[in-house]
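Reviewing the structure listed below.
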Amino acid sequence: MSAAAHATSAPFAPGDRVRVRTAFPPGHVRTPHYCRGHEGVVERLCGHFPNPEELAYGRVPTAPCALYRVRFPQRALWPDYAGPAADSVEIELFDHWLEAVE
Amino acid sequence: MSPHDGPHDHGAHDHPHPNQPDLEDAPLAYYPAMADAVAELLIEKGVFTADDLRSTIDYMASRTPALGARLAARAWADPAFRARLLADSKAAAAELDIDTGPAPVLVMENTDAVHNVVVCTLCSCYPVFLLGKSPDWYKSRNYRSRVIRSPRAVLAEFGTVIDPAREVRVHDSTADMRYMILPRQPEGTEGWPEDKLAALITRDALIGVCEVTAG
């Protein structure tokens with residue numbers, strides 16, 4: 001895929017169900033551990049930004065990646081969450097950390 | 001208390017008094033030394049000047065929560081501006097000659113159904129251009145690790161009790177966005193002039209750890 005095509009591709013749309021990859025790569029990763037392996041719903045596409053995992057090591061320019069905000073119910077992230085079921089967390093996550101949930 | 005800690009006459013005695021330590025009295029740690037070295041090299045190589053560095057720090061130090069408060073007050077007073085602020089904060093802030101900075105700022109609106117609060121669990125991302133320097137507690141591991149999974153308990157420690165009928169929504173500022181909360185306008189302040197409204201709106205309300213009250 002060309003860099004230009006990559007810069008505009010956005011495989012997920014608001015409302016899509018996604019799962020955060022369960023992966024533990026070394027290096028500078030901006031996907032919090034607590035959401036890995038959990039399912040959420042895409043809230044919005046934030047735009048396309050340099051991949052921090054490349055940027056952190058001076059590999060520039062990097063191909064821009066789609067960045068989303070994903071909403072998770074608190075009870076899905078923390079099984080012992082004591083608050084109301086509607087309470088939620090929204091996290092910015094890059095495209096390559098998300099898998100489609102059928 | 002030693003005999004010399006209290007008020008006493010400074011006439012004719014010659015013993016030393018303890019000094020408050022100067023900044024340089026603590027050992028220079030690794031990262032501050034690295035930052036100083038990098039700054040000196042960048043200046044030496046002509047990437048920027050010492051005055052550029054000073055004026056940038058000076059500009060950042062001039063940013064205060066009053067800027068965020070002006071935006072929130074205008075949003076309360078003008079529903080059309082509120083819609084523009086929520087849709088595109090950079091363009092809306094430019095109408096008031098306010099610079100939101102290089103990172104996109106998302107404004108999250110508190111409503112009767114939702115209370116929003118911001119954290120950066122991974123480091124300490126913060127909308128410096130609209131709120132100034134972040135408070136120490138925002139950067140603490142205590143706040144960052146607890147507000148994400150026990151937000152109601154942490155808010156209660158700030159004196160903020162959210163009705164269980166309202167959703168508490170925590171925004172984890174993990175990547176390229178920055179967040180400012182648009183608080184709910186307190187009852188009885190409808191029609192107030194914007195500067196009077198802005199005076200009610202504090203840093204903590206714009207982070208989401210409290211609500212705004214009138215008085």
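Every chain is numbered from 1 and lettered A, B, ... according to where its sequence line falls, protein lines coming before strand lines.
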Supply the atom-to-atom distance A:His28 NE2 to A:Tyr57 OH, rounded to the nearest 0.5 angstrom. 7.5 Å
Enter the distance from B:Thr100:OG1 to B:Lys90:NZ here, rounded to the nearest 0.5 Å. 3.5 Å
Residue-level interface, residues 35-55 of chain B with chain A, non-hydrogen cut-off under 4.5 Å: none
What option among B:His171, B:Glu167, B:Arg169 has the most heavy-atom pairs under 4.5 Å with chain A? B:Arg169
Inter-chain contacts: residues 175-206 of chain B against chain A, heavy atoms under 4.5 Å: B:Ala175, B:Asp176, B:Met177, B:Tyr179
Parallel, tilted or perpendicular, judged at 30° and 60°: which one describes the rings of B:Tyr143 and B:Phe158? perpendicular
Working note: B:Thr121 + B:Asp172, criterion side-chain hydrogen bond (donor to acceptor under 3.5 Å, both in side chains); need CA distance, chi angles, decisive distance, verdict. CA-CA 6 Å; B:Thr121 61; B:Asp172 192 351; 2.6 Å; yes
Non-hydrogen atoms of B:Arg152 and B:Ile162 that approach each other most closely: NH1-O, 3.0 Å
Using a cut-off of under 4.5 Å for heavy-atom pairs, which of A:Leu93, A:Asp80, A:Thr31 has the most such pairs with chain B? A:Asp80
Heavy-atom count around B:Lys133 NZ within 6.0 Å, excluding the residue itself: above 12? no
Spacing of SG belonging to A:Cys65 relative to NE2 belonging to A:His48, to within rounding of 0.5 Å: 8.5 Å
Is there a donor-acceptor pair closer than 3.5 Å between any side-chain N or O of B:Thr174 and the backbone N or O of A:Glu92? yes
Heavy-atom cut-off 4.5 Å, strictly under: side chain, backbone, both or neither for B:Leu106 against chain A? side chain
Measure the OG-CG distance between A:Ser88 and A:Leu77 for me, rounded to the nearest 0.5 Å. 9.5 Å
Nearest 0.5 angstrom please: B:Ile148 CD1 to A:Trp78 CH2, how far? 7.0 Å
When you measure from the centre of the six-membered ring of A:Tyr81, is the NZ or CZ of A:Arg75 closer than 6.0 Å and no more than 45° off the axis? no
Looking only at heavy atoms and a cut-off of under 4.5 Å, which of A:Pro32, A:Ala82, A:Gly83 has the most pairs with chain B? A:Pro32
